[in-house]
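Notes follow the structure.
All values derive from a computational prediction rather than experimental measurement. Keep in mind that the numbers below use all heavy atoms, side chains included, and drop hydrogens, waters and symmetry copies.
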Amino acid sequence: MTVQTRPLSTAGTARSRASAARRRASPVHRGDAGWALLLLAPSLVGLGVFFIWPIIQTFYFSMTSWSGLGLYEWTGLDNYRRMIADGEVWRSILNTIILTLLTLVGVPLAVIAASLLSRPGLVGRSLYRTLYFLPVVTLPSAVSIVWEFIYDGDHGILNYLLSLVGLPGTFWLANPDTALVAVSVVAVWSGFGFNVVILLAGMQGIPVSYYEASELDGATKLQQFLHVTVPLLTPSIFFVTIITVINSFQTFDLIYLMIGKGNPALESSQTIIYLFYKSAFEDFDGGYGSALVVLVLAIILILTMIQFRLQKRWVHYG
Amino acid sequence: MKSAKTRVSSLLALMATTVLLGSTAACNSGSGGQEGETTITYAYWDAERTEVTEQIIADFNKIHPEITVTPQLTPYEAYFTKLQTTSASRTAPDVFWLGTPQFKFFVDGGAVADLTDKIKSEIDVEDFYPAPIADTSWNGRQYCLPADLSSYALLYNKEMFDAEGIDYPDESWTWENVIDAAQKLTDSESGVYGLDAPKPTSNWAFYNQILQAGGRVLSEDGKRSEFDSPETIKGVQFWTDMILKYKASPDAQALAKANGLARFISGKTAMYYGASWDPSTVAKSPKAVKRTGIAVLPSGVNRDIVSPNVANCVSATTKNAEAAWEFEKFVSSAESNQKVGRSGAALPARKSAAPAFLESVPNLDLKAFTDQLSEGKPYPTTLQASKWEAHMYAGLQRALSGEQSVEEACRQIAREMDEEISQEKSRQ
C-alpha cells in the first residue's frame with residue numbers, strides 16, 4: 001500500500017505541474033476554473049455564511065466577555081482559564097463520556113438485531129423494520145414526554161413494574177444516581193432504528209457465496225455470524241460507531257427536556273452541550289459559552305481522529 | 001482575458017446578491033402585508049393571557065385598523081433566550097414583555113427604547129402603583145410601562161383543615177402556626193403533604209421568606225451579597241426545614257417534576273404559597289374553588305414580599321416606532337388593565353383596575369393579594385443577575401436536597417455572588 005502510494009502521488013504532482021504549465025500557456029483553461037468556481041459559488045456562499053463565518057466568530061467571542069447583547073470586551077484567554085478551574089465543566093465532560101459509553105452499548109445490540117432481522121424467511125420483516133425505525137422519526141420532545149411518564153416517581157409504569165417483583169422504585173429523572181443512565185437508555189432506544197437500518201444495508205452487501213462456502217465447511221449459524229457477518233460488516237459498524245459518538249457528544253435535547261433547570265440531578269447528568277446552552281443562553285454569558293463550544297469542537301475533532309486511526313486495526317473493506 | 005475574469009466575478013457578485021436578497025426577503029415576508037398597513041409583533045410568555053391579549057388587540061384595531069398586531073407566545077423557560085438572541089440580531093418583537101429580574105440586563109444591553117418623553121406627555125403615571133413605576137425606570141429614565149404586579153398569598157384547602165380541626169389561617173398567623181399546621185396536615189403514607197416547598201428556581205418564594213426573616217439578598221447599594229447573614233439563612237431554612245426537618249413537604253427529588261399548584265388543586269398538598277396569577281388557574285376547577293381559602297402570608301418578623309412586575313416595553317430597534325408606541329399606550333391604558341384584571345390572569349399595575357381583579361373569580365376572595373401589596377419591597381437584581389442566580393439555584397438545590405447544610409450553602413452562594421457582582425460592568 002505505502003509502496004504504491006509514493007509513485008502515485010509523485011505522478012499526481014507531476015500531472016498537476018504539467019497542467020499548471022498548460023494553464024499558464026492557454027487562457028481558455030483559466031475560464032474553466034472560473035466556471036467551476038461559479039457553479040460551486042452557491043454552496044460555497046452558503047457554507048461560508050452559515051458555517052465558516054460563525055465558527056470564526058465563535059473563536060473570536062471566546063476571547064471576550066460578552067453577554068450576548070450589547071458591547072463586549074476583549075479578555076484574551078480568561079474564559080479558557082476559568083474553564084480549566086471550573087469543576088462543573090469537568091463534571092459535564094465526565095457525564096458526556098459516560099453517556100457516550102452507555103450509548104455505544106446500543107451498537108452491538110443493533111448488530112444482533114440487524115442480523116436477526118435479515119434472517120431469510122422471517123415473517124413480518126417489514127413490520128419489525130418499521131417498528132424499530134419509528135423512534136427515529138419521532139420528535140425528541142414527544143419521546144421525552146413518553147419516557148417521563150415511564151420514569152415518573154409517583155405513578156410511572158417502571159416503578160409499578162418494579163413493585164410487582166418487589167423492587168423499590170425511585171424518581172428516575174431526579175435522582176442524581178440514576179438520571180444519567182435513564183437518559184442513556186432513551187438515547188439508545190431512539191438511535192437504535194437508525195443503526196439497524198444502516199447495518200441492514202451493510203448486510204445486503206455481503207455476498208451470499210461466503211455463507212454458502214462457510215455452510216459447506218460446516219459452520220454453525222453462530223459461527224457464520226461471528227466469522228462472516230461481523231468482519232464483513234465492520235465498515236458499517238465503524239460508520240455507526242462514529243455517528244453514535246458524535247451524536248452522544250452533542251446530546252442536548254434529552255437533557256433539556258427530561259432533566260432541565262432546577263432538577264437535583266442536573267449537575268450529575270448535564271452534558272457539555274447543555275452546559276454551553278446554560279452559560280450562553282440562560283446565564284447570558286456568551287463569551288464563556290463560546291469558549292465551551294470551542295472545547296467541544298476540539299474534543300470531537302480529536303475523538304474522530306483517534307477513531308480513524310484505530311479503524312485500520314479492525315475495519316475490513318471487503 | 002481580463003473581460004472573462006470580470007464577467008465571472010460580476011456573475012459571482014450577482015449570485016451572492018441574489019442569495020442575500022432571497023434571505024432578506026424571507027425575513028421580511030412576515031412583516032409585509034397590504035400597502036399602507038403596518039404589522040407589529042407583541043411578545044409575551046403567559047398562555048393564560050392569550051384570550052385577553054387577543055381581545056385587547058381586537059379593541060385596538062377598532063381605533064387603529066391600519067396596524068396589525070401579531071401576538072407571539074413563547075413559554076417563560078425560553079422567552080428570555082429568544083429575546084436575547086432576537087435583540088442581538090435586531091429582530092426583536094416591536095413590543096414585548098419584560099420582567100423585573102431581567103429589566104436591567106436588557107435595558108443596559110440597549111434592547112429597550114427610552115420612552116421618558118412620550119410617557120411624560122401622554123401618560124397619567126399617577127394611576128399606576130408607585131413601586132412598579134420605579135422598577136421600570138433606571139438612571140432617571142422611564143423605559144417601560146408596568147403591565148401587572150406580582151403579589152403572594154397563602155392558599156389553603158378548607159376541607160383538609162376541617163378534617164384535622166385546625167382553624168383557618170388569618171392575618172394573625174405567624175411562621176410557627178404554618179409550620180405547626182403543615183406537620184399536622186401531612187399524611188405521607190397517602191402522599192398528602194402540608195405545605196410544598198418551592199423549586200430552587202422559584203426566586204420569589206425564597207426572597208419572600210428571606211425578607212420575612214429580616215434578611216436581604218443584596219446589600220442596600222446592590223454591590224454585595226447578604227446571602228450569608230444569619231437572617232437570610234433563617235429565611236432559606238424555612239423551606240429546607242419544611243422538607244428535611246418537619247417532613248411536611250415532598251423531598252427535592254419528588255418536587256423536581258411536580259407542579260405545586262396542580263398538587264394543591266388536586267388536594268395533594270393542604271397549603272400553597274401562591275402568586276396573584278394562580279387563582280385564575282384554580283378557578284378552572286369548581287370543586288377546587290369551593291374548598292380553597294386565601295389568606296395573607298404568615299408573618300415572620302414582618303410580612304414583606306418582593307413584588308416584581310411584568311412591563312410592556314418597546315424595542316429599541318423597532319422599524320415601526322410610531323405604531324409600537326400606539327400599541328404600548330393602548331395595552332397600558334386603564335381600559336386594557338381592567339380587561340386583564342377581570343380575566344383574573346394577573347393583578348394589573350393600575351390602581352383603578354384593582355377592583356376588576358378582586359371580582360375576577362366568583363366565590364374566591366382575592367383581597368389577600370392586594371393587601372400584601374403594601375408590604376412590597378424592591379426585587380433584588382443587578383446588571384447581570386442571571387449569572388449569580390445560576391449559583392444561587394445550585395446552592396439552594398444542595399440545601400433543599402440536604403447535600404449541604406443551609407449555612408454552608410448560603411455562605412457559598414454569598415461568595416459566588418460577590419465574585420460575579422464584582423465583575424459586572426455596564427455595556428453602554
Under 4.5 Å heavy-atom distance to chain B, tell me which part of [X] shows up: side chain, backbone, both or neither.
X: A/Ser65; value: neither
X: A/Glu88; value: neither
X: A/Ala280; value: backbone
X: A/Leu44; value: neither
X: A/Tyr277; value: side chain

Are any non-hydrogen side-chain atoms of [X] and [Y] less than 4.5 angstrom apart?
X: B/Gln84; Y: A/Ser67; result: no
X: A/Phe284; Y: B/Phe80; result: yes
X: A/Asp283; Y: B/Gln384; result: no

Mind checking the NZ-CG spacing from B/Lys199 to A/Asn263? Nearest 0.5 Å is all I need. 9.0 Å
Output the distance between atom CD (B/Glu420) and atom CG (A/Asp285), rounded to the nearest 0.5 Å. 7.0 Å
Report, in residue-number order, which members of residues 258-267 of chain B are under 4.5 Å from chain A by heavy-atom distance. none
Just so I understand: if I count every heavy-atom pair under 4.5 Å between each of A/Gly260, A/Ala265, A/Gly262 and chain B, which residue has the most? A/Gly262
Residues, nucleotides or ligands: over 12 heavy atoms within 6.0 Å of [X] [atom1]:
X: B/Arg141; atom1: CZ; value: yes
X: A/Trp189; atom1: CH2; value: yes
X: A/Ile157; atom1: CD1; value: no

Salt-bridge present (B/Lys257, A/Asp152; N to O < 4.0 Å): no
Return the option, out of B/Pro250, B/Ala254, B/Ser202, with the maximum number of heavy-atom pairs under 4.5 Å with chain A. B/Ala254
Is there a donor-acceptor pair under 3.5 Å between the side chain of B/Thr81 and the backbone N or O of A/Phe281? yes
Closest contact, heavy atoms only, [X] versus [Y]:
X: B/Ala256; Y: A/Pro264; answer: CB-CD, 3.4 Å
X: B/Ala111; Y: A/Leu69; answer: CB-CD2, 4.2 Å
X: B/Ser386; Y: A/Glu282; answer: CB-O, 3.5 Å

If I measure from the heavy atoms of chain A, does B/Thr85 come under 4.5 Å with its side chain, its backbone, both, or neither? side chain
What part of B/Lys425 gets closer than 4.5 Å to chain A, counting heavy atoms only: side chain, backbone, both or neither? side chain
Give the C-alpha distance, both sets of side-chain angles, the deciding distance and a yes or no for side-chain contact (heavy atoms from CB on, under 4.5 Å) between B/Gln397 and A/Leu266. CA-CA 10 Å; B/Gln397 186 67 266; A/Leu266 183 61; over 6 Å; no
Salt bridge (Lys or Arg N to Asp or Glu O under 4.0 Å) between B/Glu77 and A/Lys261: does it pass, once the steps are laid out? CA-CA 9 Å; B/Glu77 293 74 34; A/Lys261 211 172 166 182; over 6 Å; no
